[in-house]
Amino acid sequence: MSYSWLLWMVLARVTGSPVLSALGVLGVLWAVGRYSMILPGPLRLLGRWRRAAALRRTLHVNPHDRRARYELAELWVGWGRYAAAVEVLKPNLEAGDEDVATLYLLGVAYLGAGDTARGELLLDEAEKLDPRHQMGAIDLERGRFRLARGDFPRAVEALQRLREARPGTVEGRVLLARALERGGQDGEAALVREEAWKEYVAAPAFQRRRERLWAWRARPSRPLAYGVALVVGLVLVGSLLGRMADSASRWEADEQAWVSDEPGTEE
């Protein structure tokens, strides 16, 4: 017996309404799917928050701990705190850390903080050291921030390179489609969106979980159609089961009345 069926049975018993219970099951499944798709796990989120607090304490005691600075900057970039990441990581570069990871992370932080010239320069330097760093991560960030500031031709250029370096990327294709669309190339954008959906469908399960939100952005009508079909199906099933339950109750009541009316049943 599936979890959804069991949940429906429990809700139907509590509420007394099969239709309402079916809608409740749909709501639970939607909430769970949305949470797992968009938000990190609560334990992981708490762990990162505690790690950031520990790193801040470490730097308060030892400001020269470069590893702690890098790790804290990485967390802050992930949370969108770009200006804070620049301030915490910039001393590493000044102290001589010119490895590809530091240049890349600081470049992303500068781009997020609005310093486009320094951000692009640092990403260029990182690319010289490792053109394929993290399978095209440099071009992904270039494309993302160029798209955000309206530099559509150069965003297309970077995201097309990303598609070559990371053939299975759904996110990169969706961003490329946006850049093409906003640059006036609607036909090509539609083809890239279709390509993104096909990549998502053909991807292994772990990759689909990671890129599900981007796939839905590639074809927003598909999840909406699935949701409507699921609602209709649950309502129909709930209505049918409700009628069956009512029929069974009436049959039981009629049987009890028939037994009570038989001669010899009364004292």
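- A salt bridge links R142 with E127: the closest approach of a Lys/Arg side-chain nitrogen to an acidic carboxylate oxygen falls below 4.0 angstrom.
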Pair W214, L175 - check side chain to side chain contact (heavy atoms under 4.5 Å, CB included), show working. CA-CA 9 Å; W214 288 103; L175 292 174; 3.9 Å; yes
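- Using a 4.5 Å cut-off between side-chain heavy atoms of Ile, Leu, Val, Met, Phe, Trp and Tyr, with links allowed through other members, I138 and M135 fall into different hydrophobic clusters.
- Here the NE2-CZ distance, from H60 to R57, works out to 11.0 Å after rounding to the nearest 0.5 Å.
- Salt bridge annotation for R154-E157: absent, with no cationic side-chain nitrogen under 4.0 angstrom from a carboxylate oxygen.
- Using a 4.5 Å cut-off on side-chain heavy atoms (C-beta onward), R69 and D65 make no contact.
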Quiz: residues 76-97 side-chain donor-acceptor pairs under 3.5 angstrom, not counting sequence neighbours:
residue	atom	partner	partner atom	Å
N92	ND2	R66	O	3.0
D97	OD1	R66	NH1	2.8

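- More than 12 heavy atoms of other residues, nucleotides or ligands sit less than 6.0 Å from atom CZ of R161.
- Using a cutoff of 4.0 Å between basic side-chain nitrogens and carboxylate oxygens, K198 and E195 are not scored as salt-bridged.
- The two atoms that bring A196 and V174 nearest to each other are CB-CG2, 4.2 Å, heavy atoms only.
- D139 is not listed as a side-chain neighbour of L159, based on a closest heavy-atom distance of 4.5 Å or more.
- Nearest heavy atom pair, residue T169 against residue G172, reads OG1-N, 2.9 Å.
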Verify side chain to side chain contact (heavy atoms under 4.5 Å, CB included) between R210 and E171, making sure each step is shown before the conclusion. CA-CA 10 Å; R210 187 175 63 244; E171 177 185 5; over 6 Å; no
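- Considering all non-hydrogen atoms of both residues, A215 and Y200 come closest at CB-CG, 3.3 Å.
- The side-chain heavy atoms of L55 and L75, taken from C-beta on, include a pair separated by under 4.5 Å.
- In this structure, the separation between CD on E199 and CZ on R166 is 13.0 Å, given to the nearest 0.5 Å.
- Separating the CZ atom in R144 from the CG atom in L162 is a distance of 9.5 Å, to the nearest 0.5 Å.
- Among all heavy-atom pairs drawn from A165 and R132, the shortest one is O-NH2, 3.6 Å.
- R149 contributes atom CZ, which lies 9.0 Å from atom CZ of F145 (distance to the nearest 0.5 angstrom).
- Proximity of L123 to L111: side-chain heavy atoms (C-beta onward) are separated by under 4.5 Å at one or more points.
- Separating the CD atom in E211 from the CZ atom in R217 is a distance of 11.5 Å, to the nearest 0.5 Å.
- Of all non-hydrogen atoms in L147 and A179, the two that sit nearest each other are CD1-CA, 3.7 Å.
- Salt bridge annotation for R146-E120: present, with a cationic side-chain nitrogen under 4.0 angstrom from a carboxylate oxygen.
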Quiz: residues 99-109 side-chain donor-acceptor pairs under 3.5 angstrom, not counting sequence neighbours:
residue	atom	partner	partner atom	Å
D99	OD1	T102	OG1	2.9
D99	OD2	A101	N	3.3
D99	OD2	T102	N	3.1
D99	OD2	T102	OG1	3.3

One pair to check against salt bridge (Lys or Arg N to Asp or Glu O under 4.0 Å): E71 and R51. What are the steps and the verdict? CA-CA 9 Å; E71 191 175 347; R51 181 57 181 163; 2.8 Å; yes
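- The two residues L59 and A68 make their nearest non-hydrogen contact at CD2-CB, 3.9 Å.
- Checking side-chain atoms of R173 against main-chain N and O of P167 turns up a donor-acceptor pair under 3.5 Å.
- Atom CG of L180 and atom CZ of F152 lie 11.0 Å apart (nearest 0.5 Å).
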Report the C-alpha distance between E181 and E188 in whole Å, list the side-chain angles of each, state the deciding distance to 0.1 Å, and finish with yes or no for side chain to side chain contact (heavy atoms under 4.5 Å, CB included). CA-CA 8 Å; E181 189 174 41; E188 291 186 38; over 6 Å; no
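- Both V201 and V192 belong to a single network of hydrophobic side chains, linked directly or stepwise wherever heavy atoms of I, L, V, M, F, W or Y lie under 4.5 Å apart.
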